[in-house]
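The residues of the chain are indexed from 1 along the displayed sequence. All of these numbers come straight from a predicted model, not from anything done at the bench. When a ligand or atom number is given, it counts from 1 through the structure's own listing order.
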Amino acid sequence: MRAMVVFASKHGSTAEVATALGEALREEGVEVEVADAALAKLPEDVDAVLLGSAIYMGSWLNSAVDFAIGNSEALRRLPVWLFSVGPLGEAPDDEEEQPRQLATLRDTLEPNDHVLFDGRLDPSLLGFAERIMIKAVRAPKGDFRRWDLIRAWGRKVAYELRASLPR
Ligand SMILES: Cc1cc2nc3c(=O)[nH]c(=O)nc-3n(C[C@H](O)[C@H](O)[C@H](O)COP(=O)(O)O)c2cc1C
């Protein structure tokens with residue numbers, strides 16, 4: 001069983017989530033490659049793809065969206081799981097579903113699941129414009145990633161993947 005975890009991350013926290021997901025899958029006996037969406041090439045013999053992105057201003061990062069669009073034909077034929085990293089310890093306001101691209105991603109890739117993980121906001125990593133934006137929305141600072149939840153979801157994906165493959 002071979003899976004690929006593809007991620008888009010601006011300040012590293014989603015990259016670390018992708019790595020933790022890869023480790024959880026490996027512990028369940030899945031061979032895993034973790035790759036940045038901007039560089040990732042989908043191998044022919046991969047059995048499943050986990051694709052995820054950090055959320056900025058309600059959206060996935062472009063490299064993850066581009067990967068989804070650029071590989072949509074292959075991804076439609078594979079079991080796919082989506083993950084997003086964003087909210088900072090508070091429920092996202094439910095006026096609008098996040099990420100904004102989720103409905104299109106669901107239509108295009110028909111994923112088995114989409115999960116939203118809490119993220120990390122470290123002001124020392126942010127650029128000037130980003131600091132102004134987070135000040136304006138009073139976003140809480142800190143690392144809200146729940147590694148137990150992240151790893152549990154990775155294990156769940158491994159079980160579902162095993163169940164979906166012909167014996
Ligand atoms: C300028 C800015 C805008 C953000 N906008 C959103 C948002 O719209 N929704 C959300 O859930 N999280 C938002 N976040 C939180 C990030 O998604 C979170 O910090 C995430 O862990 C960043 O991932 P990265 O380190 O992989 O880039 C925002 C963060 C910043 C700095």
Side-chain angles (χ1 to χ4, degrees), residues 3-27 30 32-42 48-71 75 80-109 111-158:
M4 196 166 180
V5 182
V6 181
F7 66 88
S9 177
K10 201 164 169 191
H11 294 301
S13 64
T14 307
E16 290 170 358
V17 169
T19 300
L21 289 173
E23 279 164 11
L25 283 152
R26 267 184 218 117
E27 282 166 15
V30 181
V32 187
E33 187 190 337
V34 179
D36 188 318
L39 310 167
K41 268 207 169 349
L42 197 59
V49 174
L50 288 73
L51 173 62
S53 174
I55 301 178
Y56 282 87
M57 312 312 285
S59 282
W60 262 20
L61 293 170
N62 287 340
S63 59
V65 176
D66 290 348
F67 182 88
I69 295 168
N71 295 282
L75 291 172
V80 169
W81 286 263
L82 305 178
F83 61 97
S84 299
V85 178
L88 302 162
E90 283 168 17
D93 93 42
D94 51 15
E95 279 168 27
E96 199 191 328
E97 187 179 50
Q98 292 207 6
R100 198 167 282 132
Q101 296 85 356
L102 192 55
T104 309
L105 288 165
R106 283 200 175 110
D107 285 350
T108 315
L109 307 182
N112 291 322
D113 192 14
H114 168 258
V115 68
L116 186 59
F117 294 123
D118 290 346
R120 175 190 68 188
L121 194 61
D122 178 349
S124 72
L125 300 175
L126 302 180
F128 180 69
E130 287 179 325
R131 281 188 215 191
I132 295 188
M133 278 186 254
I134 58 155
K135 225 176 177 167
V137 297
R138 293 207 180 89
K141 296 165 194 73
D143 190 347
F144 301 96
R145 290 170 299 172
R146 293 272 311 270
W147 298 108
D148 52 342
L149 297 181
I150 291 164
R151 279 190 283 264
W153 190 74
R155 286 197 299 274
K156 182 196 89 130
V157 169

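Near G119, meaning under 4.0 Å from one of its heavy atoms, ligand 1 places the atoms 21 (O). Residue-ligand proximity, V85 to ligand 1, at heavy-atom distances under 4.0 Å covers atoms 17 (O), 21 (O). Against a heavy-atom cut-off of under 4.0 Å, H11 is close to the following atoms of ligand 1: 24 (P), 25 (O), 27 (O). Atoms of ligand 1 lying under 4.0 Å from at least one heavy atom of G12, given by number and element, are 24 (P), 25 (O), 26 (O). The distance from ligand 1 to the heavy atoms of K10 drops below 4.0 Å at these ligand atoms: 24 (P), 26 (O), 27 (O). Atom numbering of ligand 1 starts at 1 in the shown order; those under 4.0 Å from a heavy atom of A54 are 22 (C), 23 (O), 24 (P), 26 (O), 27 (O). Within ligand 1, the atoms closer than 4.0 Å to a non-hydrogen atom of G58 are 7 (C), 8 (O), numbered from 1 in the order shown. Less than 4.0 angstrom separates some heavy atom of T14 from each of these atoms of ligand 1: 23 (O), 24 (P), 26 (O).
Within the 4.0 Å heavy-atom criterion, the part of I134 lying near ligand 1 is the side chain and not the backbone. Only side-chain heavy atoms of L126 come within less than 4.0 Å of ligand 1; its backbone N, CA, C and O stay farther off. Here R145 has no heavy atoms under 4.0 Å from ligand 1, in either its backbone or its side chain.
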Would you sort out whether D122 and R120 count as a salt bridge (Lys or Arg N to Asp or Glu O under 4.0 Å), showing the intermediate values? CA-CA 6 Å; D122 178 349; R120 175 190 68 188; 5.2 Å; no

Is there a salt bridge (Lys or Arg N to Asp or Glu O under 4.0 Å) between E27 and R151 once you walk through the steps? CA-CA 10 Å; E27 282 166 15; R151 279 190 283 264; over 6 Å; no

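Proximity of R106 to L102: side-chain heavy atoms (C-beta onward) are separated by under 4.5 Å at one or more points. Side-chain contact check for V6 versus N71: every heavy-atom pair is 4.5 Å or farther apart. For the pair I69/T108, no side-chain contact is recorded, criterion being any heavy-atom separation below 4.5 Å from C-beta on. For the pair L105 and V65, the minimum side-chain heavy-atom distance is 4.5 Å or more.
Between E130 and ligand 1, no pair of N/O atoms sits closer than 3.5 Å. Between I55 and ligand 1, a contact under 3.5 Å exists for at least one N or O pair. At least one N/O-N/O distance between M57 and ligand 1 falls below 3.5 Å. Among the atoms of M133, none of the N or O lies under 3.5 angstrom from an N or O of ligand 1.
Closest non-hydrogen pair, L88 versus G119, comes out as CD2-C, 3.9 Å. Across all their heavy atoms, A8 and A64 have their closest contact at CB-CB, 3.7 Å. Closest approach of G52 and W60 over heavy atoms only: CA-CZ2, 4.1 Å.
The nearest non-hydrogen atom to atom 9 (N) of ligand 1, considering only R131, R120, Q98, comes from Q98.
Between W153 and F117, the two ring planes are perpendicular [angle over 60°; tilted spans 30° to 60°].
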